[in-house]
Number of protein chains: 2
Amino acid sequence: MRPGLKRRVKTARPDSTKSRESGSTKGAAPATGPGSEKYQRILDAAVEVIAENGYFSSPVSAIAKRAGVADGTIYLYFKSKDDVLRTAIDATFNKFHKQVEDEFKTLQGPREQLEYIAQVHLESHAVNRSMAILMQTEVRQSAKFIAEFSHHHLVKYIQVVREVVRRGQQEGIFRGDVSDGVVAHCMFGAIDELLSSAVFTGRVYDAKTTAAQVIDVLLHGITAES
Amino acid sequence: MRPGLKRRVKTARPDSTKSRESGSTKGAAPATGPGSEKYQRILDAAVEVIAENGYFSSPVSAIAKRAGVADGTIYLYFKSKDDVLRTAIDATFNKFHKQVEDEFKTLQGPREQLEYIAQVHLESHAVNRSMAILMQTEVRQSAKFIAEFSHHHLVKYIQVVREVVRRGQQEGIFRGDVSDGVVAHCMFGAIDELLSSAVFTGRVYDAKTTAAQVIDVLLHGITAES
DNA sequence: TTAGAGAATGAACCGCAGTTCATTCTTGGC
DNA sequence: GCCAAGAATGAACTGCGGTTCATTCTCTAA
């Protein structure tokens, strides 16, 4: 049987008592474009649901339900299920990179820059808990399609830290006998693990204070008396 | 149609030219028990296949094929697909903990103990690359059933490091004004990230040298001149 | 009021993959 | 050689879930 020959029976629509909050706040909203309100609602719903159940245990139908739309509607806004997740992750990383880039214009000291990165990274938990969970679970591979593109963002993060470290070494602020790569990975890993642990245990912390502690350890080590 | 009423047609088995390497090296092998050779082959195959494709993109049939057994055979040795992965991860963690525990009997200095943990952790890449990949991808959640039990192993790791740090603080070797928890997470995170990066980029390193570098940074920091 | 264009819907399609189990193969004792 | 008893097999079962698309709804312009 070819599809499209014998479909639809549909026992008369129940009745249109759906909420329908499309008050159309703007005259010319971009319809199904990225600016649309429904577009954002689907993204948020996807992040929430996937954070709770994991990508492969989150049917599109569950995401649609959370967003208050029909299953098929999601495909008006996104190419596929993958695309929804990819878009959400991309947006988060881009926001992070932009925030750091902007701040670096006025914050010039290597030590201060490292501390700022640590702080923003640690703050992500409070900014959007679901997204933080998602980052700790789905981004670290498990699905090949995520692996490839998110790896790129991670590399960019490491690059930024490396450059700061290298500059600090050139300025004589940091030791020159340690690899900037190792330092960058150590710093990223330390912060990420702290965040991860907080996410999974539900522990809360102050991002500024914790960032200061991490950078303190990174800069001075844990050996007694200097 | 009830199952079991009209099954099997089977066009005569092709011919029994299967390898059949069951030379039965031991007189009384425990059949389908955990000691069996086939049991181990299934575990190894599962780790390999899942490392390559991810858990949810690894059909049981693919694992069976890699192990050289029929799909159904896996269910003679394991309760479910989950069970295979769980068993493999458990075994790896248990081996790690045992190795550390044993070495600690003769290696008593806090600094040396931290370095040893770092080294073993970093060595895991060389010991079993597939398992290292699996640890970096599947263990960090994405599937709820893995989350729960693997979290337990991670907590145990952190506990061990915390105790070493605390002892170092009591002995006056380490600073007492930094949280042992933060230090433990920093150390674990740093090493894990280094390993992760190596796993995904294919970069190789010497575990002993790298471990020494990480511990050096952790102990002395990256600030110039002491 | 009404036509029609586009947004939204959700049932149906379809393929996949975890698990089962009737059947076949293998082994070891007689 | 023969016959249980257990190991192994793999086709079939089953349910799930991503995606499609015929149909319905909504909204604007004439």
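Quick note on labels: first sequence line is chain A, next is B, and so on, each numbered from 1.
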K.L.:
Which of these nucleotides, C:dA8, C:dG18, D:dG18, is closest to any side-chain atom of A:K38?
P.N.:
C:dA8

K.L.:
For the pair made of CZ in B:F78 and P in C:dT19, what is the distance, rounded to whole Å?
P.N.:
13 Å

K.L.:
To the nearest Å, how far apart are A:R41 CZ and C:dA7 C1'?
P.N.:
13 Å

K.L.:
Can you tell me how far C1' of C:dT19 sits from CG of B:D83, to the nearest Å?
P.N.:
14 Å

K.L.:
Where the side chain of A:A70 is defined as all heavy atoms beyond and including C-beta, which of D:dA7, D:dG18, C:dT9 is the nearest nucleotide?
P.N.:
C:dT9

K.L.:
Looking only at side-chain atoms of A:Y75, point me to the closest of C:dG10, C:dT19, D:dT20.
P.N.:
D:dT20

K.L.:
Starting at OH of B:Y116, measure out to CG of B:L107 and round the result to the nearest 0.5 Å.
P.N.:
8.5 Å

K.L.:
Test: salt bridge (Lys or Arg N to Asp or Glu O under 4.0 Å). Region: residues 53-70 of chain A. Which pairs qualify, not counting sequence neighbours?
P.N.:
A:E48-A:R66, A:E52-A:R66

K.L.:
Could you check B:E123 against B:Q119 for side chain to side chain donor-acceptor pair (under 3.5 Å), going step by step and ending with a plain yes or no?
P.N.:
CA-CA 6 Å; B:E123 268 169 357; B:Q119 185 189 323; 3.1 Å; yes

K.L.:
For the pair made of CG in B:N53 and P in C:dA17, what is the distance, rounded to whole Å?
P.N.:
11 Å

K.L.:
Side chain of B:L76 only, please: which of C:dA8, D:dA7, D:dG18 is the nearest?
P.N.:
D:dA7

K.L.:
Rounded to whole Å, how long is the line connecting atom CZ of A:F56 with atom P of C:dC16?
P.N.:
15 Å

K.L.:
Given C:dG10, C:dT9, D:dT9, identify the nucleotide with an atom nearest to the side chain of A:D71.
P.N.:
C:dG10

K.L.:
Just how far, in rounded Å, is C1' of C:dA17 from NZ of B:K65?
P.N.:
15 Å

K.L.:
Taking atom C1' of C:dT19 as reference, at what distance in whole Å does atom OH of B:Y77 sit?
P.N.:
18 Å

K.L.:
Write down the distance between CD1 (A:I74) and P (D:dG17), rounded to a whole number of angstrom.
P.N.:
14 Å

K.L.:
What donor-acceptor contacts under 3.5 angstrom involve side-chain atoms of residues 188-195 of chain A, with partners at least two apart or in another chain?
P.N.:
{"unit_1": "A:D192", "atom_1": "OD1", "unit_2": "A:H121", "atom_2": "NE2", "d": "3.2"}
{"unit_1": "A:D192", "atom_1": "OD1", "unit_2": "A:Q136", "atom_2": "NE2", "d": "3.1"}
{"unit_1": "A:D192", "atom_1": "OD2", "unit_2": "A:R140", "atom_2": "NH2", "d": "2.6"}
{"unit_1": "A:E193", "atom_1": "OE2", "unit_2": "B:H185", "atom_2": "ND1", "d": "2.9"}

K.L.:
Check every atom of D:dG18, C:dA8, D:dT9 against the side chain of A:P59 and return the nucleotide holding the closest atom.
P.N.:
D:dG18

K.L.:
Heavy-atom nearest nucleotide on DNA chain C for B:K81 versus B:T73: which residue maps closer to 5'?
P.N.:
B:K81

K.L.:
Looking at A:F96, is A:K156 sitting on its ring face, NZ or CZ under 6.0 Å from the six-membered ring centre and within 45 degrees of the normal?
P.N.:
no

K.L.:
From the list D:dT9, D:dT19, C:dT9, which nucleotide is the closest neighbour of the side chain of A:V69?
P.N.:
C:dT9

